[in-house]
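Have a look at the structure below before the remarks.
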Amino acid sequence: LDPLSRIVRVNLGQTLAESGQYDKARHHFETALSFDPEFATTYRYLSRLEVFAFGRVDQGIKHLRRAQALNPGRPDYPLQLALHWDWLGDTEQADRSMARAKTLSPDDPRVLVAELELALGRGEGQTLVETARAAIAKGINSGSPLQVLVSADLAAGHPDRALRRYGEE
């Protein structure tokens with residue numbers, strides 16, 4: 001077997017998934033796994049497909065856990081697991097996965113962005129604002145952190161401050 005076949009199949013699966021051809025994408029991901037069942041990237045993309053195309057978060061978690069077992073040093077796997085567990089309402093597992101991501105990559109800005117998503121989903125207003133400030137202090141000056149602070153400014157009755165922040169984007 002050509003060792004590049006797995007990469008070709010994964011790339012083809014990605015392209016098909018992005019164009020909405022989900023069943024064909026799954027076929028190519030599964031074919032990639034038949035070439036190399038130890039290729040963690042394939043499980044990551046299968047997870048995305050299951051969660052975002054088919055709404056099967058439990059299957060997405062299964063694939064991400066396999067990817068993490070194959071490549072335990074990657075912080076993006078526990079970050080995604082934290083979000084998926086939280087979507088299922090298992091905050092204990094979500095918090096464990098987030099702690100693992102922080103241990104693997106404490107300075108990774110994606111950790112702060114994932115923390116923002118968790119706090120937003122849980123309705124933790126003060127945590128949300130504190131995490132947004134920490135993200136901006138680390139140089140993440142656009143997107144979610146800035147939007148959180150703008151929303152907090154508006155909710156607190158400070159439209160002038162919100163306009164200044166929005167102007168930073």
Side-chain angles (χ1 to χ4, degrees), residues 1-124 127-128 130-132 134-135 138-140 142-145 147-148:
L1 294 175
D2 181 355
L4 292 179
S5 295
R6 70 177 186 187
I7 295 169
V8 169
R9 292 297 182 141
V10 169
N11 288 339
L12 185 54
Q14 278 182 272
T15 301
L16 290 166
E18 289 170 5
S19 68
Q21 299 179 60
Y22 304 128
D23 289 324
K24 288 180 181 179
R26 179 187 284 133
H27 169 76
H28 286 286
F29 292 140
E30 289 171 352
T31 302
L33 289 176
S34 74
F35 291 135
D36 185 357
E38 305 293 309
F39 190 44
T41 300
T42 307
Y43 292 101
R44 182 179 79 208
Y45 287 113
L46 258 174
S47 174
R48 286 183 185 173
L49 185 70
E50 290 294 344
V51 171
F52 298 111
F54 298 111
R56 294 190 287 248
V57 179
D58 57 331
Q59 288 298 309
I61 287 172
K62 181 184 96 174
H63 292 306
L64 270 177
R65 290 179 103 177
R66 179 70 176 134
Q68 183 175 322
L70 291 169
N71 193 348
R74 283 193 64 153
D76 54 327
Y77 297 152
L79 282 177
Q80 281 301 308
L81 280 168
L83 295 172
H84 293 349
W85 284 120
D86 204 61
W87 295 340
L88 288 179
D90 192 335
T91 56
E92 188 176 308
Q93 283 280 32
D95 291 343
R96 260 199 299 275
S97 291
M98 183 57 72
R100 178 166 174 70
K102 286 180 180 180
T103 300
L104 289 172
S105 190
D107 295 325
D108 189 332
R110 295 175 300 176
V111 171
L112 286 170
V113 171
E115 284 184 308
L116 274 173
E117 290 183 42
L118 288 177
L120 183 62
R122 295 175 182 179
E124 298 172 348
T127 302
L128 194 57
E130 290 169 6
T131 305
K138 287 200 173 208
I140 306 169
S142 63
S144 300
Q147 290 168 1
V148 165

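- Looking at every heavy atom in both residues, Val111 comes nearest to Ala101 through CG2-O, 4.2 Å.
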Apply salt bridge (Lys or Arg N to Asp or Glu O under 4.0 Å) to residues Glu50 and Arg26 and explain how you reach the verdict. CA-CA 9 Å; Glu50 290 294 344; Arg26 179 187 284 133; 3.0 Å; yes
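- Remark: Gln68 engages no residue in a side chain to side chain donor-acceptor pair (under 3.5 Å) (not counting sequence neighbours).
- The minimum heavy-atom distance between Ala82 and Ala94, with the atom names listed, is O-CB, 3.2 Å.
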Mind running side-chain contact (heavy atoms from CB on, under 4.5 Å) on Ile61 and Leu88 for me, showing each step along the way? CA-CA 10 Å; Ile61 287 172; Leu88 288 179; 3.5 Å; yes
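- Note that CG of Asp23 and NE2 of His28 are 11.5 Å apart. Values are rounded to the nearest 0.5 Å.
- The minimum heavy-atom distance between Val57 and Val51, with the atom names listed, is CA-CG2, 3.9 Å.
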Arg122 and Asp95: CA distance, side-chain angles, deciding distance, salt bridge (Lys or Arg N to Asp or Glu O under 4.0 Å) verdict: CA-CA 12 Å; Arg122 295 175 182 179; Asp95 291 343; 3.0 Å; yes
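- With sequence neighbours left out, the salt bridge (charged side-chain N to carboxylate O under 4.0 Å, His left out) criterion links Glu115 to Lys102.
- Here the closest non-hydrogen pair linking Pro72 and Leu104 is O-CD1, 3.5 Å.
- To the nearest 0.5 angstrom, Gln21 atom CD is 5.0 Å from Leu16 atom CG.
- Here the CD1 atom belonging to Ile7 is positioned 12.0 Å from the CZ atom belonging to Phe35, to the nearest 0.5 angstrom.
- Note on ring orientation: taking the six-membered ring where Trp is involved, the planes of Tyr45 and Phe29 are parallel (angle under 30°, cut-offs 30° and 60°).
- Here the shortest heavy-atom pairing between Thr41 and Tyr77 reads N-OH, 4.1 Å.
- The pair Arg9-Asp36 does not count as a salt bridge, with every side-chain nitrogen at least 4.0 angstrom from each carboxylate oxygen.
- To the nearest 0.5 Å, atoms NE2 (His84) and NZ (Lys62) are separated by 13.5 Å.
- In this structure the side chain of Leu33 reaches within 4.5 angstrom of the side chain of Leu46, judged on heavy atoms.
- Between Leu83 and Glu117, the shortest heavy-atom distance links the atoms CD1-OE1, 3.5 Å.
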Under the side-chain contact (heavy atoms from CB on, under 4.5 Å) criterion, do Arg6 and Thr42 qualify, and how do the steps go? CA-CA 8 Å; Arg6 70 177 186 187; Thr42 307; 5.5 Å; no
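- Side chain of Ser47 to main chain of Tyr43: no donor-acceptor pair is present (N/O by atom type, distance under 3.5 Å, no hydrogens or angles).
- Here the side chains of Trp85 and Thr91 are not in contact, with every heavy-atom distance at 4.5 Å or above.
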Would Glu38 and Arg66 satisfy salt bridge (Lys or Arg N to Asp or Glu O under 4.0 Å), going step by step from the backbone distance to the final call? CA-CA 9 Å; Glu38 305 293 309; Arg66 179 70 176 134; 3.1 Å; yes
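- Put simply, CG on Leu81 and CE on Met98 are 10.5 Å apart, with the number rounded to the nearest 0.5 Å.
- We find the OG-CZ distance between Ser97 and Arg65 to be 7.5 Å, quoted to the nearest 0.5 Å.
- Under the salt bridge (charged side-chain N to carboxylate O under 4.0 Å, His left out) criterion, Asp76 pairs with Arg44, Arg74, sequence neighbours left out.
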